[in-house]
There are 2 protein chains.
Amino acid sequence: MKIATWNVNSIRTRQQIVVDWLSQNSVDVLCLQETKVIDQDFPRLAFEQLGYHLYISGQKAYNGVAIFSRTPLTEVSSGFSPILGDIVAEFDLQKRVITGVIADIRVVNLYVPNGSAVGSEKYQYKLAWLKLLGEYLATLQDKETREICICGDFNIALEDRDIYNPKGKENHIMSSPTEREALREVLAIGFQDVFRKFNSETGHYSWWDYRAAGFVRNRGWRIDHHYLTQKLYKQAINCKIDLEPRKLDKPSDHAPVILEF
Amino acid sequence: MKIATWNVNSIRTRQQIVVDWLSQNSVDVLCLQETKVIDQDFPRLAFEQLGYHLYISGQKAYNGVAIFSRTPLTEVSSGFSPILGDIVAEFDLQKRVITGVIADIRVVNLYVPNGSAVGSEKYQYKLAWLKLLGEYLATLQDKETREICICGDFNIALEDRDIYNPKGKENHIMSSPTEREALREVLAIGFQDVFRKFNSETGHYSWWDYRAAGFVRNRGWRIDHHYLTQKLYKQAINCKIDLEPRKLDKPSDHAPVILEF
DNA sequence: GCTCGAGGCG
DNA sequence: CGCCTCGAGC
């Protein structure tokens, strides 16, 4: 089974690139972030014709997540409130969470807030959102005994080896100590970074800024992850970043990451 | 000799379409309208590599005219004021006129104001502009004895046979009596519509609205013209509208019109 | 419908 | 640098 995650930075703009990629990469599940489209305008047809079932949660202009699956998912929900209750409904105005069950594995697809700049209001929102994510995952673990795969764009590089040039990035968004610690706390309830099961080197990234020729100079960040519960982590046989679609004309700024188990 | 006119609705967006068309249609002169780009950003290289000399007069976002010529032009100028003097400089803020001489023929490339709606302020501007055009051409005829080819997007269908469904269009922009009369007055000083030398039928158009599937239903307007002085008119051997580029993906809303003499 | 800014976002 | 929205222009 292959589960991929890919921030596509607009599914309408990237439709052909994603169709072509799916045609050549037979993943069972594809988790998308930054679809940037309301549900009624999502370009479903091309993906359904490839044999995928689509589960989408979008909004206008920003954010938006989707799961494509070769077999139907069960127990699909989007946002925090189906799990945590209506008290957190405010956090669901931004479409950043969608989940479903396949082969008795719960897949949680996330688009973590970027946070803009350390100390900003958006940064505070990111930290609050991560705290809620922790409660969301803990609640899921209480409710269900299934293995869980959380994946998506975390907008956090947990370790210095996940950044092209970590020196002086202590106060940089996506690598500041406070947000790293906030994510570590989430993961501490039982999730492991499966990419690092197979690869401990630096120089492997999943996002490169469009500006300043980030990609050709490999000035990237590894911010797109799969975190797995213990049994699933043990079953994993591969996790790799596919650089090819990032080389195309008009690419997303992110590359897809593929987990295999 | 072939002289073509084409409103491209952004030369940057249409660059490849125009390059491909020029590669397959060996015109000597191509007059472009609505280039929509300042001179320093005009994509010169691709056209120069095809062997053309470029003469351009553009502005940001709107209007803009250009002449491409296989042999260098002489006596090139843009706007009304080089001919009519600085009193009319205000009318040259919009880049709608460029002219040059090839083979002892003066080619005048025009982008006549659209006029928006009959009676509007923009309609008054269109009428004032046409009056000035008449003075401009009369002055040219006084100064020079050359034959003249004026061509471009006139934003006027002079006769009912130039419109797909003329009934009820008496108060429509591009076919109202007042603007038609204004253009007739300009032409009365000695210009003839060369397309009508070869074709007197209706159903031949050069512009179709992007909306409401105008092209596939052939709901068009013939608003792109070549008007010639007498000797040149007699020498003309063909004038035709090339529908092919309008059929392509992401086309201009106008088709090119090719005069041969 | 399809262009072009301008301004927000990252 | 490349998304998005929005309004204007045609």
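Each chain gets a letter, A, B and so on, in the order the sequences are listed, and its residues count up from 1.
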Item to check | chain A footprint on DNA chain C, 5' to 3' - any atom under 4.0 Å from a heavy atom | outcome: C:dC9 to C:dG10
Checklist entry - Charged N to carboxylate O under 4.0 angstrom, A:Arg222 versus A:Asp193? => result yes
Checklist entry - Is A:Thr5 close to A:Phe154 at the side-chain level, that is, under 4.5 Å between some pair of heavy atoms? => result no
Next on the checklist: Does D:dC3 have its OP1 or OP2 closer than 4.0 Å to a side-chain nitrogen or oxygen of A:Arg12?
Outcome noted: no
Checklist entry - Can a side chain N or O of A:Thr13 be found less than 4.0 Å away from OP1 or OP2 on D:dG2? => result no
Do any N or O atoms of the protein come closer than 3.5 Å to N or O atoms of nucleotides 8-10 of chain D, and which pairs are they?
residue, atom, partner, partner atom, Å
D:dC10, O3', B:Asn114, ND2, 3.3

Item to check | Residues in side chain to side chain donor-acceptor pair (under 3.5 Å) contact with A:Gln94, at least two apart in sequence or another chain | outcome: A:Arg96
Next on the checklist: Angle between ring planes, B:Phe42 versus B:Phe68, binned at 30° and 60°: parallel, tilted or perpendicular?
Outcome noted: perpendicular
Item to check | No-hydrogen, no-angle side-chain donor-acceptor test under 3.5 Å, B:Asp20 and B:Gln24 | outcome: no
Checklist entry - Using the benzene-type ring in the case of Trp, are the ring centres of B:Phe80 and B:Trp129 under 6.0 Å apart? => result yes
Item to check | Check: A:Phe47 and A:Val18 side chains under 4.5 Å, non-hydrogen atoms | outcome: yes
Checklist entry - Going by heavy atoms in the side chains, are A:Val257 and A:His226 under 4.5 Å from each other? => result yes
